[in-house]
Amino acid sequence: MKSICFFSSDARPLYKRDVFRAMSYPKGFVLHFRYDPRHIQGDASVMQGKKGIIFLSTSNDLNIPVEDRIVANISIREVIIKTVEHTSDTNRTHFYLELGDFKDYQLGNNSPDILPPNKWVAELEVHSDKTIDWQALVDKIKHSFTKQLFYKFEILSDKQKIIAPLYNEIEKQSFYKLRDETGYLLQIAFCDTEPGNSNEYHSLKVSSQSDKVKVVAPEMIDIEARRDNRIYTLFTQTISSSNAFGYLNFETIVKSIILTNQQSKPVTDTTLKIELEKNSRRSNAFALNSILAAVSVGYAKVLSDKVDVNGNFSLSLTIQFILAAILGYYAAFNLYKLFDKK
């Protein structure tokens, strides 16, 4: 079978970052890759909407002439090409790739002229599309990412249902839409490529640029094993406008076991845009309980008009008064709890 292949190499940190992010972001998230048109085989404009594969090209030593480089290619992830654009001011072709599953593809019989390091985007013959576990893929590429903390994350509802990222067509970026005054879960898997005999280890700092989004986690998450899984609570606070925005930053920090006060400056690996919207359940609860309170007061007024002035006891009327009182109590209690009035 043929598929459009996107290659990023280990020649430079910026290229490796693209692969790192492809390993970190959840399924459905859209990544931005850009290429010089001379490195693209064929017409890029016809690729939009098609499926593709991200590859890591290893041993792409820029100090060796192109014709002498021996490059190996490791598949990372399937993608769908959402948008293709060319900008004349920077002479770059931009691909916006929606991330799919981690897959183990092998390149078939293709001409060297359309393979790295000659071409970095091309429609190539590939075979074997077995799904590969994330940690197994880290093991395959870790020789190009020595001393690196890999992590991947997802946001879940409080019922542990995965929340899918959305995509802004104008800004060309993915984001999460969350409701205010709601609790969520941030699920993270870790895999540290630091050698076992090393005196250094990695920590992850997750911070928010908005006071409306909070992650209940240590300031620095120390990974106590080379591989680990963690779940942290993420909650949102009340917003005064119809919506609000913020970012979660994921920053890697290198620490030393021997020199306990020595650590590197945080390096921002990934960012995540959050859009908050008003929680409609809160508005609906306010409206419903306000109506119940008004009904209980009105019903009590109607019942009071039926009270016998001579003081004769009516079991039916008494029961209705009790029901009106219970209804009013229920509405008042919910309104108190909703707004935390004291």
Side-chain angles (χ1 to χ4, degrees), residues 4-27 29-36 39-40 52-64 66 69-79 90 92-105 107 115-122 132-153 173-174 188-195 198 200-205 223 226-227 249-254 264-272:
I4 299 169
C5 301
F6 299 88
F7 296 89
S8 192
S9 79
D10 58 2
R12 292 176 177 170
L14 282 175
Y15 302 158
K16 291 169 65 173
R17 177 184 279 188
D18 286 338
V19 174
F20 178 88
R21 289 176 171 173
M23 293 284 292
S24 295
Y25 283 114
K27 186 175 182 179
F29 201 90
V30 176
L31 282 188
H32 178 198
F33 278 33
R34 72 284 291 160
Y35 294 89
D36 188 319
H39 293 148
I40 302 172
I53 310 164
I54 294 174
F55 280 84
L56 167 65
S57 297
T58 64
S59 303
N60 182 41
D61 191 338
L62 300 180
N63 296 317
I64 299 175
V66 170
R69 296 179 201 169
I70 301 176
V71 176
N73 299 294
I74 303 171
S75 69
I76 302 297
R77 202 161 186 176
E78 289 182 327
V79 297
T90 57
R92 287 295 179 267
T93 301
H94 303 261
F95 296 90
Y96 298 89
L97 310 176
E98 182 180 320
L99 298 175
D101 294 324
F102 297 102
K103 288 292 186 72
D104 185 14
Y105 280 94
L107 293 176
L115 289 171
N118 297 299
K119 297 293 182 182
W120 295 93
V121 178
I132 184 170
D133 291 334
W134 179 77
Q135 56 85 23
L137 184 53
V138 172
D139 287 341
K140 290 185 68 173
I141 66 174
K142 66 181 182 181
H143 61 279
S144 293
F145 293 85
T146 57
K147 300 186 176 183
Q148 175 74 58
L149 176 64
F150 280 92
Y151 54 85
K152 70 181 183 77
F153 53 83
Q173 69 170 319
S174 286
I188 312 177
F190 299 94
C191 191
D192 196 342
T193 66
E194 187 77 34
S198 173
E200 294 182 337
Y201 65 100
H202 295 89
S203 295
L204 184 68
K205 180 179 180 181
I223 313 305
R226 295 304 180 200
R227 296 178 183 178
N249 292 333
F250 295 79
E251 301 171 298
T252 300
I253 301 167
V254 182
S264 66
K265 292 182 179 180
V267 176
T268 301
D269 302 310
T270 54
T271 59
L272 196 61

Hey, does [Y] have a side-chain heavy atom less than 4.5 Å from the side chain of [X]?
| X | Y | value |
| --- | --- | --- |
| Trp120 | Phe55 | no |
| Met23 | Trp134 | yes |
| Asn60 | Phe7 | no |
| Leu204 | Thr252 | yes |
| Lys27 | Leu99 | no |
| Ile141 | Ile76 | yes |
| Leu272 | Thr270 | no |
| Ile253 | Lys205 | yes |

At what distance, to the nearest 0.5 angstrom, does [atom1] of [X] lie from [atom2] of [Y]?
| X | Y | atom1 | atom2 | result |
| --- | --- | --- | --- | --- |
| Leu31 | Tyr25 | CG | OH | 7.0 Å |
| Phe102 | Lys152 | CZ | NZ | 6.0 Å |
| Ser75 | Leu107 | OG | CG | 8.5 Å |
| Thr146 | Gln148 | OG1 | CD | 8.5 Å |
| Arg226 | Leu149 | CZ | CG | 10.0 Å |
| Ile223 | Ile188 | CD1 | CD1 | 8.0 Å |

- Task: Give the intermediate values and the outcome of side-chain contact (heavy atoms from CB on, under 4.5 Å) for residues Glu98 and Val79.
- Result: CA-CA 5 Å; Glu98 182 180 320; Val79 297; 5.9 Å; no

Under the 3.5 angstrom rule, does the side chain of [X] hit a backbone N or O of [Y] as a donor-acceptor pair?
| X | Y | answer |
| --- | --- | --- |
| Arg21 | Asp269 | yes |
| Arg17 | Arg12 | no |
| Thr271 | Asn249 | no |
| Arg227 | Cys191 | no |
| Asp192 | Glu194 | yes |
| Thr193 | Lys147 | yes |
| Ser144 | Thr58 | no |

- Query: Is the closest side-chain donor-acceptor distance between Asn73 and Ser57 under 3.5 Å?
  - Reply: yes

- Message: Please tell me whether Arg34 and His32 have a donor and an acceptor in their side chains that are separated by less than 3.5 angstrom.
- Response: yes

Which heavy atom of [X] sits nearest to which heavy atom of [Y], and what is that distance?
| X | Y | result |
| --- | --- | --- |
| Asp18 | Ser8 | CB-OG, 3.8 Å |
| Ser9 | Leu56 | C-CD1, 3.9 Å |
| Val71 | Pro117 | CG2-CD, 4.1 Å |
| Arg77 | Asp101 | CG-O, 3.2 Å |

- Is there a side-chain contact (heavy atoms from CB on, under 4.5 Å) between Asp36 and Arg92 once you walk through the steps? CA-CA 5 Å; Asp36 188 319; Arg92 287 295 179 267; 3.5 Å; yes

- Task: Would you mind checking if Arg69 and Asp61 are paired as a salt bridge, meaning a charged N to carboxylate O distance below 4.0 Å?
- Result: no

- Any chance OH of Tyr201 has more than 12 other-residue heavy atoms, nucleotides or ligands included, within less than 6.0 Å? yes

- Looking at the rings of Phe33 and Phe95, which for Trp means the six-membered one, are their centres under 6.0 Å apart? no

- Please check if the distance between the ring centroids of Phe153 and Phe250 is under 6.0 Å. yes

- Query: For Asp104, which residues count as a salt bridge (charged side-chain N to carboxylate O under 4.0 Å, His left out) partner, sequence neighbours excluded?
  - Reply: Lys140

- Message: Under the criterion ring pair (Phe, Tyr, Trp, His ring centres under 6.0 Å), I'd like the reasoning laid out for Phe145 against Phe150: C-alpha separation, chi angles, the key distance, then a yes or no.
- Response: CA-CA 9 Å; Phe145 293 85; Phe150 280 92; 5.2 Å; yes

